[in-house]
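Down below is the structure, laid out as structure tokens.
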Number of protein chains: 2
Amino acid sequence: MEETEIPDSIRCEFEEKGGIDGIVELLPDDQRIGYINSIARAISDPVRLRVLFALCIQPMCVCLIVAMTEYAYSKMSYHLSILKDSGLIYSKQEGNYLIYYPTDLGRKVVEWIGKGL
Amino acid sequence: MEETEIPDSIRCEFEEKGGIDGIVELLPDDQRIGYINSIARAISDPVRLRVLFALCIQPMCVCLIVAMTEYAYSKMSYHLSILKDSGLIYSKQEGNYLIYYPTDLGRKVVEWIGKGL
DNA sequence: ATATTGTTTCAAATATAATTGAAACATCAT
DNA sequence: ATGATGTTTCAATTATATTTGAAACAATAT
């Protein structure tokens with residue numbers, strides 16, 4: 001298993017593409033991979049995905065999000081921070097309340113899920 | 001904090017939408033949420049995302065994927081199983097080799113990431 | 001049959017993420 | 001200033017995901 005053998009059925013096209021090096025060159029760079037990963041991770045949890053969808057229907061203060069999900073404040077705060085850090089939602093202080101909104105990216109992601117998945 | 005108060009700036013639209021119950025009705029059901037979560041989780045890891053991209057450029061046997069990523073077989077096998085379980089890739093035995101391919105869903109996801117994110 | 005190469009599976013160890021409850025912070029009303 | 005409500009932060013715990021290395025499995029060649 002030292003030198004990697006290549007199965008017949010793909011050898012030709014594989015060589016044409018410049019082998020491993022040729023393929024690796026076409027891949028997104030690490031920063032972009034990290035960016036995509038963070039968005040994917042944010043929507044990989046059920047409650048976070050539901051909250052993102054809900055905010056696209058209607059922006060809400062944390063107290064309403066908490067009421068909707070029946071999660072504790074501190075728990076929800078943690079999940080909101082992950083959605084926020086990934087750029088899918090943002091918040092605005094309104095008096096005593098913090099209201100969360102989807103970002104353009106957040107809406108785009110939700111829209112595409114609706115259409116494409 | 002018993003009865004949830006609603007901030008002025010959203011109360012009206014919130015009520016119009018039927019409040020929490022009205023919003024919850026519009027959310028995807030649990031099965032669909034789970035489906036989306038599993039795809040998102042699959043691409044939330046750097047090596048899995050890179051492998052998915054790479055397979056869209058060129059289907060490969062595990063030995064080539066291992067060579068490309070410099071991951072151990074058992075480790076890569078674990079990551080491949082997550083991509084496979086989420087429906088993004090599939091495999092076909094070719095003689096002694098197992099070759100992995102992107103599914104239609106896998107290609108669609110990669111394509112959308114390229115365009116939309 | 002036996003050996004060789006390619007791959008997966010398993011259980012144990014490690015690392016990362018999520019939950020919990022208390023404390024802190026912010027804004028508003030008194 | 002003081003107290004009340006809404007929210008976040010923190011450290012400790014618990015749960016989940018990933019890594020590791022050995023063993024098992026599968027296909028081919030001898």
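Here is the naming used below: chain letters follow the sequence lines, and residue numbers restart at 1 for every chain.
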Interatomic distance, A:Leu80 CG vs C:dA17 C1' [rounded to whole Å]: 16 Å

Parallel, tilted or perpendicular: rings of A:Tyr90 and A:Tyr101 (30°, 60°): parallel

Rounded distance (Å) that lies between atom P of D:dT20 and atom OH of B:Tyr73: 17 Å

Could you run down the sub-3.5 Å N/O contacts of the protein with nucleotides 23-27 of chain C?
from, atom 1, to, atom 2, distance (Å)
C:dT27, O3', A:Gly95, O, 3.3
C:dT27, O2, A:Asn96, OD1, 3.2

Nearest listed nucleotide, side chain of B:Ser77, among D:dT9, C:dT8, C:dT19: C:dT8

Proximity to the side chain of B:Leu98 - top-ranked nucleotide from C:dT8, D:dT19, C:dT20: C:dT8

Whole angstrom value for the distance that separates C1' of D:dT18 from CG of B:Asp85: 15 Å

d(CG, B:Asp45; P, C:dA17) in whole Å: 10 Å

B:Arg32/B:Asp29 salt bridge by N-O under 4.0 Å criterion: no

Atom-to-atom span, CD of B:Glu5 to C1' of C:dC28 - whole angstrom: 13 Å

Residue A:Val62, side-chain heavy atoms: nucleotide from D:dT19, C:dT8, D:dT8 that is nearest: D:dT8

Side-chain N or O of A:Tyr100 closer than 4.0 Å to phosphate OP1/OP2 of D:dT8: yes

Lys/Arg N to Asp/Glu carboxylate O, B:Lys115 vs B:Glu111, below 4.0 Å: yes

Sugar-phosphate only, base, or nothing, as touched by A:Tyr97 at under 4.0 Å among non-hydrogen atoms: sugar-phosphate

Nearest-nucleotide pick for B:Cys61, side chain only, options being D:dT8, C:dT19, C:dT7: C:dT7

Touch class at under 4.0 angstrom, heavy-atom based, for B:Ile82 against every strand present: sugar-phosphate

Residues, nucleotides or ligands: over 12 heavy atoms within 6.0 Å of B:Gln93 CD: yes

B:Arg41 side-chain proximity, nearest of D:dT18, C:dT9, C:dT19: D:dT18

Verdict with reasoning, B:Ile65 to B:Leu55, per side-chain contact (heavy atoms from CB on, under 4.5 Å): CA-CA 9 Å; B:Ile65 299 173; B:Leu55 293 179; 4.1 Å; yes

Between D:dT18 (P) and B:Leu83 (CG): distance, integer Å: 11 Å

Sugar-phosphate, base or nothing in reach of B:Ser81, heavy atoms under 4.0 Å: nothing

Value rounded to 0.5 Å, distance of CD in B:Glu5 from CG in A:Leu64: 10.0 Å

Gap between atoms CG and P, on A:Asp8 and D:dA29 respectively (whole Å): 10 Å

Spacing between B:His79 atom NE2 and D:dT18 atom C1', to the nearest angstrom: 6 Å

Pair A:Arg107 + A:Asp104, salt bridge at N-O below 4.0 Å: no

Listed nucleotide nearest any side-chain atom of A:Lys75, set C:dT19, C:dA18, D:dT7: C:dT19

Linked, directly or transitively: B:Ile82 and B:Phe53 (ILVMFWY side chains, under 4.5 Å): no

